K.L.:
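Below is a structure I'd like to ask you about.
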Amino acid sequence: MKDYKFNNPARRNPAYRDIGGLYDIYLRSERNRLANLNRANAYLKAVMVFPNYYGVAMSNLGFLRAYELINRSGFMSCDRAFMQDDLSKGVISLETRRRLKDYDFIFFSLSYENDFVNILSILSAEKIPFLSKDRNENFPLIMAGGVIAFLNPEPVAPIFDLMFIGEAEAIFPDFFEKIKSKNKPDKYEIINSSAGIKGIYVPSEYDFIFDPKNPYILNEIKIANGFPKRVARRWTDENLSFSSSVITTEFSELSNINMIEIERGCKRGCRFCSAGFIYLPLRESTIDAVNEAISATGENEKAGFVGFGTMDGKNIAKIMRFSLDSGRNFSLSSVRFDCLDENNLDMIKESGIKTVTIGIETGSERLKKMLNKVLSNENIITSVGDIVKRGITGIKLYFMFGLPYENKDDMDDTVKLVKTILKEFISASKANKRIGKLTASFSPFVPKAWTPLQWENFEDLKILRKKASYIANGLRNMPNLDVNINSLNAAFTEAFFARGSRLSTDILVYSFLNKTSIKKAAEDKGLRMDGFIRKIGTGELLPWDIIDQGVTKRYLLEEYKRALNLKTTPQCFEGCKRCGVCA
Ligand code: SF4
């Protein structure tokens, strides 16, 4: 679960409990590469809102990228706003302390389903009606983008006037042309004319009809004249996809790290991973662009290499070498055991990295095939030894449980793998004369839209609790091992929204207004939570079918069948056309 209070100085110094004082500290802490940007000709006011706290927002490269692009438009100046502890006096922006409702445009950046409730908190504090249909021309144009906006927009779609389906670099240029009129922006003119822009979704023009006898089933999507039958995702080519932090601060979750995007998309095809499908195809940033960003990394900063498979890129060794040779230590967002050759490990060590984070998912060979993430347990164990012998003494391993068709043997395999890794970890540590810390984190599997496992159910909470206890008991009192079981309730809420529909919006709003849980809100509306987390029929119309991600439903279904038959699928390759993304 997110720590909403992360790095908030108000927690440490009561003098800064006032939001203005807190924002002064944040601004003073920032190294802002846009500080000298001339905004003299900017005649429209925009604000980027992140529905979580400052520290979380500032570690989000997508949020910073959109903020940069809007400010570079020339005709808009863009401020930032966040979730606040005290909402009693409304929501103000960081830079100009203007109230949100006084902007021409409000852009929400959506990255986590569990932040949806914060969208309502923010709108409520500004006395802005929640739903687009209830706001007249006196309210700003309210839009949303970000990974959650284009994965499955439906649980929050009725809130927004427009949603961006795809990557900002690709959609913004056409959209900015539409809105740059010098007159006061005509909200309705913009909404209506946006239908012609690829990558823009106007939720008010789509009517979702549910089965009156079984409201969890979507019968039909009615579309207003002139609006696309499906909204196509838009993505950039390799040269435009590159980004790095325009602002760094010690108060970010990634304190003083200059995030540098070294690739977008992932070629591996892990069947549980939504990002792996909706950011296809894999695009690597050019080595010149990455090296330039490394050179711009400040003295008290680190270069943070960001990507879905950070070490998959063909240039990663050269990039790490350049960073070290230019005197900048680096960090990696994640690593894969099969990318850790001796040369890479030496550079990771040289950079002073003390802990590496690796997703293993399961110790069961059977379930690994189902997930299409096949790393042999032998390789994992050997790699742990190699890492520790290099003097990297912290290893964090990520696992899932509650996976489809998971049985006791599968969980035993995972527990056994952790124990064997720990044994190797301790044995290899002896050479260092110091034993570090091995951490095993377990999260419930959440089926996500646009993955081959999207049709599977989220495990029943009672069974999940039993499974969590079984794993925790199996690894109890092991020296040098920390075991974290992530919040089951948070995963349940995430699962409710991840494959939600406009019924989820009703439940979200009701729950907020009545200060009650999502579960109770659903019950009050005559609905059952298990209707939202159930196994879905492969022939059903899905709320997120309104989006055309490029990846075809036919391909996802083929991959789903292969998963059930425990057949793996090779990663993307030159000349491949199988999923529909590459023309
Ligand atoms: S068509 Fe093939 S190479 Fe292209 S993104 Fe899909 S799986 Fe990868």
Side-chain angles (χ1 to χ4, degrees), residues 1-6 8 19 47-57 60 62-63 80-92 100-101 106-132 134-135 142-149 151-161 163 203 253 443-444 446 448-449 458 461 486-525 527 529 532-533 543:
M1 191 161 67
K2 285 277 149 205
D3 177 7
Y4 286 165
K5 312 294 186 243
F6 179 82
N8 182 339
I19 189 75
V47 61
M48 278 289 306
V49 184
F50 197 88
N52 203 317
Y53 288 85
Y54 174 87
V56 183
N60 188 295
F63 172 77
R80 288 164 287 161
F82 314 95
M83 184 62 187
Q84 301 169 184
D85 276 346
D86 179 5
L87 292 164
S88 62
K89 297 191 192 90
V91 177
I92 57 168
L100 290 199
K101 59 185 176 195
I106 300 179
F107 292 84
F108 273 85
S109 173
L110 307 182
S111 287
Y112 314 108
E113 290 92 346
N114 291 15
D115 288 347
F116 286 168
V117 66
N118 293 342
I119 301 172
L120 300 192
S121 300
I122 289 168
L123 294 177
S124 168
E126 283 296 276
K127 300 193 171 35
I128 296 175
F130 294 148
L131 304 183
S132 169
D134 297 329
R135 296 189 295 263
I142 303 184
M143 299 159 274
V147 59
I148 295 299
L151 179 58
N152 174 20
E154 287 315 301
V156 286
I159 295 173
F160 297 105
D161 301 321
M163 298 182 90
E253 274 190 329
S443 301
V446 175
K448 294 275 183 166
F458 178 74
L461 264 184
N486 291 325
S487 164
L488 306 191
N489 287 333
F492 183 70
T493 306
E494 185 183 342
F496 167 73
F497 285 121
R499 298 180 305 160
S501 65
R502 296 193 180 190
L503 293 179
S504 319
T505 327
D506 290 347
I507 293 169
L508 174 69
V509 170
Y510 181 93
S511 134
F512 182 85
L513 292 176
N514 293 285
K515 298 186 176 49
T516 187
S517 69
I518 291 284
K519 183 168 179 287
K520 174 79 171 53
E523 283 165 7
D524 285 358
K525 289 190 152 277
L527 296 163
M529 287 301 276
F532 293 93
I533 58 169

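Note that the structure is predicted; figures quoted are calculated from it, not measured. All values below come from the heavy atoms of this structure, side chains included, with hydrogens, waters and symmetry mates left out.
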K.L.:
From L488 CG over to T493 OG1, what is the distance, rounded to the nearest 0.5 angstrom?
P.N.:
11.0 Å

K.L.:
CG/L508 to CD1/I159 distance, rounded to the nearest 0.5 angstrom?
P.N.:
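Result: 6.0 Å between the selected atoms.
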
K.L.:
Are any of the side-chain heavy atoms of L513 and F130 separated by less than 4.5 Å?
P.N.:
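Side-chain contact under 4.5 Å: yes.
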
K.L.:
Does the plane of the ring in F50 sit parallel, tilted or perpendicular to the ring in Y112? Use 30° and 60° as the thresholds.
P.N.:
perpendicular

K.L.:
With side chains defined as the heavy atoms from C-beta onward, is the minimum distance between F63 and S111 less than 4.5 Å?
P.N.:
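Result no, sub-4.5 Å side-chain heavy-atom pair not found.
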
K.L.:
Nearest 0.5 Å please: distance from the CZ atom of F532 over to the OG atom of S501.
P.N.:
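So the gap between those two atoms works out to 5.5 Å.
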
K.L.:
Mind listing the closest non-hydrogen atom pair of V446 and A491 along with its distance?
P.N.:
CG2-O, 3.9 Å

K.L.:
If you look at every heavy atom in L151 and A449, which pair is closest and at what distance?
P.N.:
CD1-O, 3.2 Å

K.L.:
So do E113 and I148 actually touch side chain to side chain, heavy atoms under 4.5 Å?
P.N.:
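I148 reaches E113 side chain to side chain.
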
K.L.:
Start with the C-alpha gap between D86 and I19, add the side-chain angles, then the distance that decides, and say whether side chain to side chain contact (heavy atoms under 4.5 Å, CB included) holds.
P.N.:
CA-CA 8 Å; D86 179 5; I19 189 75; over 6 Å; no

K.L.:
Step by step, would you call N489 with S487 a side-chain hydrogen bond (donor to acceptor under 3.5 Å, both in side chains)?
P.N.:
CA-CA 5 Å; N489 287 333; S487 164; 5.4 Å; no

K.L.:
Taking 4.0 angstrom as the limit, do E494 and K448 come out as a salt bridge?
P.N.:
yes

K.L.:
Does I507 reach the side chain of I518, with side-chain heavy atoms less than 4.5 Å apart?
P.N.:
yes

K.L.:
So do V56 and M83 actually touch side chain to side chain, heavy atoms under 4.5 Å?
P.N.:
no

K.L.:
Just verifying a value: how many Å separate I122 CD1 and L120 CG, rounded to the nearest 0.5 Å?
P.N.:
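These two atoms lie 9.5 Å from each other.
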
K.L.:
Locate the shortest heavy-atom distance separating R135 from P129; write the atom from each residue and the value.
P.N.:
NH1-O, 3.0 Å

K.L.:
Measure the spacing between CG of N52 and CG of L110 and express it to the nearest 0.5 Å.
P.N.:
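It is 11.5 Å, given to the nearest 0.5 Å.
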
K.L.:
Report the distance from atom CG of N118 to atom CZ of F82, rounding to the nearest 0.5 Å.
P.N.:
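N118 CG to F82 CZ: 13.5 Å, rounded to 0.5 Å.
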
K.L.:
Would you call K520-D524 a salt bridge at under 4.0 Å N-O?
P.N.:
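Here K520 pairs with D524 in a salt bridge, since their nearest N and O are under 4.0 Å apart.
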
K.L.:
Looking at T516 and S511, would you say the former's side chain and the latter's main chain have a donor-acceptor pair under 3.5 Å?
P.N.:
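Side chain of T516 to backbone of S511: no pair is present.
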
K.L.:
Are any of the side-chain heavy atoms of I142 and S132 separated by less than 4.5 Å?
P.N.:
no

K.L.:
Would you say K519 has more than 12 foreign heavy atoms packed within less than 6.0 Å of its NZ?
P.N.:
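Counting other residues, nucleotides and ligands, NZ of K519 stays at 12 neighbours or fewer.
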
K.L.:
Compare all side-chain heavy atoms of I119 with those of F160 and state whether any distance is below 4.5 angstrom.
P.N.:
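The answer is yes, as the side chains (C-beta and beyond) meet within the 4.5 Å cut-off.
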
K.L.:
Are L123 and F512 side-chain neighbours, meaning at least one heavy-atom pair lies under 4.5 Å?
P.N.:
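Side-chain contact under 4.5 Å: no.
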
K.L.:
Please check: side-chain N/O of R499 versus main-chain N/O of I533, any donor-acceptor pairing under 3.5 Å?
P.N.:
yes

K.L.:
Minimum heavy-atom separation for A157 to M163, with atom names?
P.N.:
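Where A157 meets M163 most closely, the heavy atoms are CA-SD, 3.8 Å.
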
K.L.:
Looking only at heavy atoms, what is the nearest atom pair of T505 and P155, with distance?
P.N.:
OG1-O, 2.9 Å

K.L.:
Once the angle between the rings of F116 and F497 is folded into 0 to 90°, is it parallel (under 30°), tilted (30 to 60°) or perpendicular (over 60°)?
P.N.:
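Ring orientation of F116 relative to F497: perpendicular.
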
K.L.:
For Q84 and G90, which heavy atoms make the closest approach, and how far apart are they?
P.N.:
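Looking at all heavy atoms of both residues, the shortest contact is NE2-O, 3.1 Å.
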
